[in-house]
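FYI, side chains are in, hydrogens and waters are out, and symmetry mates aren't considered; it's all heavy atoms of this structure. All ligand and atom numbering here is 1-based and tracks the order in the structure. Since the model is a prediction, treat every value here as computed from it, not as a measurement.
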Amino acid sequence: MLLSVNIDHVATLRQARLSNEPDPVMAATLAILGGADGITLHLREDRRHVNDRDLKLLREVVTCELNLEMAATDEMVGIALQTLPDLVTIVPEKRAELTTEGGIDFSIIKEDLRQKVKRIKDRGIKISVFVNPNHEDILTAKELGFDMVEIHTGFYANARGDEKDTQFQNVLNAVRYAKDIGIVTNAGHGLNYFNVSRIASIKEIRGLYIGHSIVSRAVLVGMQKAVSDMKSLIRLSSN
Ligand code: PXP
């Protein structure tokens, strides 16, 4: 099973100071050294974290799967056709949300989407869509020509008690249905070091798309070295 690392939150930290560190491009290369099979970025319409420069450089340095998450707008389709990521994942996007809140609502954009899917596929780019774990949306994705779906695991990740089993079963059923109708399945959102194993045990899943928990752990496991490097510099100059 593949792991694609979402580096958006490295850029979030950079944007907190509007500076040039930490650089998501450097983070991506380290993630690849660590064994990532792919790098994901979400270029939002408001460019709140990742920006156009990041996408351009990532396209140059990422030789494994570069996955561009984006809203299905004309601007973003234009950017995808120009940059040529290996994979585009269509996600719903709301300005006020902290992160993607749910799978796509096909009822709003269905007809327009068919044309956009075709334009992207015609350039040799694979295309996926973020869907809630239900059969209807997976079937619609297949009918619209998507190569893959990414099943939203956030409901499972956030569930407590018995509800966790119910939500896991929903993901499992969704993955099995996707396989039955012949559409490749990925999964992601809210996966962390405690809840990933159960999802990773679903053999039919092609890849997992994980960001926040990996970036969060990177901050902590790197803290000791970052502080000792700074202490060394201070010691060198103050003694
Ligand atoms: N998949 C999709 C479609 C997403 O929008 C996100 C969040 O950007 C992720 C996966 C990764 O979610 P998380 O950051 O919770 O691991």
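- Under 4.0 Å is where a charged nitrogen must lie from a carboxylate oxygen, and between Lys56 and Asp52 no such pair does.
- Within the 4.5 Å cutoff, the side chain of Arg123 has heavy atoms near those of the Leu84 side chain.
- Looking at Gly211 next to ligand 1, an N or O pair under 3.5 Å apart turns up.
- For ligand 1, the atoms closer than 4.0 angstrom to any heavy atom of Val91 are 3 (C).
- The closest protein non-hydrogen atom to atom 8 (O) of ligand 1 is Asn6 ND2, 3.3 Å.
- Among protein heavy atoms, atom 14 (O) of ligand 1 sits closest to His212 N, 2.9 Å.
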Return all side-chain donor-acceptor pairs below 3.5 angstrom for residues 68-81, not counting sequence neighbours, or 'none' if the list is empty.
unit_1 : atom_1 : unit_2 : atom_2 : d
Thr73  : OG1    : Met76  : N      : 3.2
Glu75  : OE2    : Arg47  : NH2    : 2.8

With a cut-off of 3.5 Å and sequence neighbours excluded, list every side-chain donor-acceptor pair involving residues 33-40.
unit_1 : atom_1 : unit_2 : atom_2 : d
Asp37  : OD2    : Leu3   : N      : 2.8
Thr40  : OG1    : Ser4   : OG     : 2.7
Thr40  : OG1    : Asn67  : ND2    : 3.1

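- Of all protein heavy atoms, the one lying nearest to atom 2 (C) of ligand 1 is Glu69 OE2, 3.1 Å.
- Looking at Arg59 and Asp86, a side-chain N of the basic residue comes within less than 4.0 Å of a carboxylate O on the acidic one, giving a salt bridge.
- Salt bridge status for Glu204 with Arg176: present, with a side-chain N to carboxylate O gap under 4.0 Å.
- Inspection of the Asn170 and Asn173 side chains reveals no N or O donor paired with an N or O acceptor under 3.5 Å.
- Given atom 5 (O) of ligand 1, the protein heavy atom at minimum distance is Thr100 OG1, 2.8 Å.
- In summary, the side chains of His189 and Glu150 do not present any donor paired with an acceptor at a separation below 3.5 Å, with no hydrogens or angles considered.
- Heavy-atom distances between His42 and ligand 1 stay at or above 4.0 Å for every pair.
- The nearest protein atom to atom 6 (C) of ligand 1, hydrogens excluded, is given as His189 CD2, 3.6 Å; this is a heavy-atom distance.
- Under a 4.0 angstrom heavy-atom cut-off, Ser213 registers as lying outside contact with ligand 1.
- Between His152 and Phe130, the ring planes lie tilted relative to each other; the angle falls in the 30° to 60° range.
- The shell of residues lying under 4.0 angstrom from ligand 1, judged by heavy atoms, excludes Thr89.
- For ligand 1, the polar-atom distance check finds an N/O of Gly190 within less than 3.5 Å of one of the ligand's N/O atoms.
- Remark: minimum distance from atom 11 (C) of ligand 1 to any protein heavy atom is reached at Tyr209 O, 3.7 Å.
- Residue Glu150 touches ligand 1 through its side chain alone, judged by heavy-atom distances below 4.0 Å.
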